[in-house]
Each structure stands twice: as C-alpha cells, then as structure tokens.
Amino acid sequence: MEDVKWLGFDWEDRLFFASDYFDQMYEYAVQLVKAGKAYVDDLSAEEISAYRGTLTTPGRNSPYRDRSVEENLDLLERMRKGEFANGEKVLRAKIDMAHPNMNMRDPVMYRILHAAHHRTGNKWCIYPTYDWAHGLEDSIERITHSLCTLEFENHRPLYDWFLDELGVYHPQQIEFARLNLTYMVMSKRMLKELVEEGYVRGWDDPRLPTICGMRRRGYSPTAIRNFCKRIGVSKVNSIIPFELLEHCVREDLNKTAPRFMGVLHPLKVVIENYPEGKVEEMEAINNPEDPAAGTRKVPFSRELYIEQSDFMENPPKKFYRLAPGREVRFRYAYFVTCTDVIKENDEVVELRCTVDPETRGGDAPDGRKVKSTIHWVSASHAVDAEVRLYDKLFTVEDPAGRKGRDFKEFLNPNSLTTLTSCKVEPAVRNLKPFDRFQFERLGYFCIDPDTTAERLVINRTVELRDTWAKIQKKLKR
RNA sequence: UGGGAGAUCGGCUAAUGGUAGGCCGGCAGGCUCUGGACCUGCUAGUGGGGGUUCGAAUCCCUCUCUCCCAGCCA
C-alpha cells in the first residue's frame, strides 16, 4: 500500500477487504442452496478432480449432487459451525458437469479450512474461493468495472453466472494483458522464488521490477507512470523492451535530477603547473535543464581523479578524450593537456598534466576548441563511495517463456557489480537515501538506504545514452 | 482434437467503412562546456486466401499461427 501511494495514488477512505463481506457472502450461498443451485459435496479433492473430466471429455455428476435443499442447508450450516474436518466437504455450484468451459463444471464455492484469518480471527472455518468471492465483492462495492488479467477470461462466465443467479447488481469484468518486460520475470510466484531462495537481496532489490525495487533503483514515480501511459493497455500478449522503461526513466531524470561529478574507476592526475595546496572553488551548474536548480562550488586542486576510460595511451581515430599530448576540457575547470604517462607493469597508474591558466572556468580566450569535456574530482576533497551497478537480471528476453526450462537457468551471474573505490565530489555526501541525481557523463544514480555515517552507498539507476560505446562496437566490427 | 482470447512498421500502440498515424529503436545530419539533452530528416506495417462495397486494418467466409483453461490458488 505504501508503494502504491509512493507511485502517486490515493484511495482516500476506500480501503476494502473481502473478509468484511463474509457474512453477506454466506447469506448469498444459502440463497443459492435454497434455489437448488448449490450443493454440499462429500467427494475428496482427488475425486472431484477425477469427476471433472478433461478439456475434451465431459465430467460426471457427483453422487451427492442431488441432495435435497433441506439436507444441503443443514450440511452447510454444520460446515460453518466446524463439525467437519478440513477437506471433508465443500459447497459447490450446481451448473453443468459437461460444460465446455471447465470452470463451469460445478466449481467449489466454500472449502473447510480450520485456520485463523488475519482480520476475522477464528470466526470462520469455511472460506470462499476466488471465483465465488470475486463477483460478490465487486457487486457489494457497486463498482462499475472489474479489471483483471487475461487468464481470467475463462472465469467471466462464472462471474456472470453467480451474479445473475443471485439477481444482484452486476458489474462488468474486463480483462487485459499483463505487463511483461524483456529480460525479466513478472509473476509473483517467480519473484517470490528469487527472493526466498536468495537469488536477490530482498523484495526491494534494485534488480527486481517490484515498486519498492524500482524505487530503490532510483526510478521516479513520474517515469514509471509515463512508461505505463506509453505502452498502453490491450489484450495482446506482448513483451515490452526493458530499454523503453529505461528511456522513460532517463527522460524524467534528465529534467529533474541534479548533476554531480563522480569517478567510478579512478585514474590519478597530477597537474604539474598547479601549486600544491592551492584550492579553487569552480562554479558548476546543478541542472542545465532547469536553471532554477542554481549552481554549486566544486573544489579543484593539483591532484585529481578522472575516469580510467577517459584516457587512452594509443587512441583510435574517433576517441576524443584525453591522450598523451592532447588537450581536453575538465568540466567547469580548465583546459588540461596530458604531458606524461606513468606506468607500473605496463599499466597506466598516473598522468602528469598541465593546465592553461587562461582557460579557467572552461573557455579559451583565444577561441580555440577542444574535442571533449571530461569529469573529475579533487583527490583530497573526494568522498569514497561504494557504487552498485546493475545489469539485466536474466540473459534471455523471455526467461519465463522457455518451455520445459527453469527460468532460474537464465539468471545473469553479472547482474550486480559492486565498485568499492569510487571517488565522488563532496556535495554528494549531503544527499539522503533515495535521492536521485546524475553523475555527469555516467548516468543516473541514487543514494542507497544502506548508506550510513561511515559508508556512502550509491546505486546506478541507468546509464546515459552512450554514443561512444556504440562507435566502439562498430569499430570492432 | 472441447472452450475462450488474440494477430497493424524491428518492438509497443492508434485509426470501427473514408489520407494507415504516434512513441521507442535503427540510420543520417545539426547543435552542444555531459560523446548527455535538444533539433531535423529517413527507415518501416494491416498474418495468408477469397468475398461484400464507389471505398476494407475495420464487415463476411476460410486458412494459418500464438496465448489461456482440467486447484478445495489468485
């Protein structure tokens, strides 16, 4: 309920429980028995199943089907009173054991369950089945339309039958296709399995399509609602590309998320012509899409970190970022030229660079241009953070639809990557759990509730669209 | 093989007898202190066959394919 509210819905004082209608439902059952439309059956569950027939062959009548109204009334009353054990008797609708729709072959209405109910306690030991209760709740609440998913289409004739036989207010049941996402499972049963067997960290694991999971991942209510609007509602069984959801998330977050700088895979940079101990506060725009978001100060100093992937010693043609001898812009700071590369065992461990003091703020007075702008953080001011990167939970588009295969076979072993040596600008430390923001050039992120005074934990919601990654793929081909 | 439901660009979705449109993706270009965002253009579809009609995605017939149903689950 909390999740639904977070999504932006409010049912005001209209929170209803089926169990509030148990008395009324029982009265309705008595009414059907009196009309000769329901009977108490002594058959066991297995026997009922055997008597039901199959999809292509009709069922047989139960030997108890023709009990008198008086006997049925008496038996039902004694079921309610608790005179029988679980499974000993059921109340069934008397419809047609040869009906082509299996749901119409004398469906069970009440079964005996000696169990406490979370709202009615021990008042009842017989409980209505879904098919029996569903239409009654809708009718009692006088709703106009009852929406449900496609698999209940076969149940609509029964929904209609109960209401018509009772002669009560008759809402209309309308079915629609459930939402499916690529590389995901959506069924409660499967999600429960993932949670309970520890394949994910809980119902709010950011890899799950649960509302609390998406919230923890950093998806906004607006994004989720826009997504739902965009995909529409229909009766066609379809699978929506996960990428469309991500698109909607980016679309909203681009407009609303404040920007920060953070380095996921740090590479140390020393600015040789920048004095030791000097610190400058560079002015940065919080959100270029929203001038009202204002600006902030970001400290710049002699020792910085940049992203490892923003430097290449031997850059290919279309690589615009930092390389030996090349000048790029450090966002909101200076034009920086790489003068030297320090390596240990063939691995680049540090860059020596120089700044052009004339370019403070990020523009050259002589009008010269650079091919790219990269992000950075000041080494001495940086805050350490753990960043969790999420990838698709499954390796195939439709893990639930692989006939004869367990969906868990397709779990992506790399759906979670934890980075522990990330360096982020100091202002990020002021954010609260669930706050959403962008690390410039990297993607959208949010503060994970695992964050404590000692530990900053950040979830990556979704990457920015990455044109460079696309070019790289092309180059490989 | 009984019953129910469905089929429109690569994906999703509009058009209910009158110009097959939108979004996402993809491709090409523009712009840019985020290779982001934004802007422009292009791409591409009515499952097959027959019929009714001046005119069919839409109505009729037929075929094909897909999904759901044999819980005292929901």
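Below, chains carry the letters A, B, ... as their sequence lines are ordered, and counting in each starts from 1. As a basis for the values below, the full set of heavy atoms in this structure was taken, side chains included, without hydrogen atoms, waters or symmetry mates.
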May I ask you to say what Val370(A) touches in the nucleic acid, namely base, sugar-phosphate or nothing, with a heavy-atom cut-off under 4.0 Å?
-> nothing
Winner on side-chain proximity to Ile231(A), out of G36(B), C12(B), C24(B), is C12(B)
Residues from residues 71-79 of chain A sitting under 4.0 Å of RNA chain B, heavy atoms only?
-> none
Using a heavy-atom cut-off of under 4.0 Å over every strand shown, decide if Lys371(A) touches base, sugar-phosphate, or nothing.
-> nothing
Mind checking Phe260(A) for me? I need base, sugar-phosphate or nothing, with any heavy atom below 4.0 Å counting as a touch.
-> nothing
Closest nucleotide among U34(B), G26(B), G35(B) to the Arg259(A) side chain | U34(B)
Sub-3.5 Å pairs of nitrogen or oxygen atoms, protein against nucleotides 38-44 of chain B:
none

Could you check whether Gln438(A) gets within reach of a base, just the sugar-phosphate, or nothing at all, counting any heavy atom under 4.0 Å?
-> base
Is Tyr127(A) touching bases, backbone alone, or none of the nucleic acid, heavy atoms closer than 4.0 Å?
-> nothing
Which is true for Pro58(A) with a 4.0 Å heavy-atom rule: it touches a base, it touches only sugar-phosphate, or it touches nothing?
-> nothing
Rounded to whole Å, CG of Asp290(A) lies from P of A37(B) at a distance of 18 Å
Hey, does the side-chain of Arg321(A) have a donor or acceptor N/O within less than 3.5 Å of a partner on the base of G35(B)?
-> yes
side-chain contact (heavy atoms from CB on, under 4.5 Å) partners for Ala45(A), two or more places apart | none
Regarding Arg119(A) and the six-membered ring of Phe17(A), is the cationic atom NZ or CZ under 6.0 Å from the ring centre and inside 45° of its axis?
-> yes
His247(A) side-chain proximity, nearest of U13(B), G25(B), U34(B) | G25(B)
Among Arg436(A), Gln438(A), Glu463(A), find the residue that satisfies the side-chain hydrogen bond (donor to acceptor under 3.5 Å, both in side chains) test when tested with Tyr444(A).
-> Gln438(A)
Is RNA chain B part of any stem, that is, at least 3 consecutive Watson-Crick or G-U pairs with both distances under 3.5 Å, and where?
-> B:2-7 with B:64-69, B:10-13 with B:21-24, B:25-30 with B:38-43, B:47-51 with B:59-63
Quantified in whole Å, what is the P atom distance between nucleotide A20(B) and nucleotide C27(B)?
-> 29 Å
Residues passing the salt bridge (Lys or Arg N to Asp or Glu O under 4.0 Å) test with Lys192(A), sequence neighbours excluded, are Glu196(A)
Quick note, Ile240(A) side chain, CB onward, closest among U34(B), C12(B), G4(B) is C12(B)
For Asp466(A) and for Val233(A), locate the closest nucleotide of RNA chain B by heavy-atom distance; then report the residue assigned to the nucleotide nearer the 5' terminus.
-> Val233(A)
Expected string for nucleotides 63-74 of chain B under the B/S/- scheme (protein heavy atoms, under 4.0 Å, primed atoms plus P, OP1, OP2 as sugar-phosphate) is ----SBBBSBSB
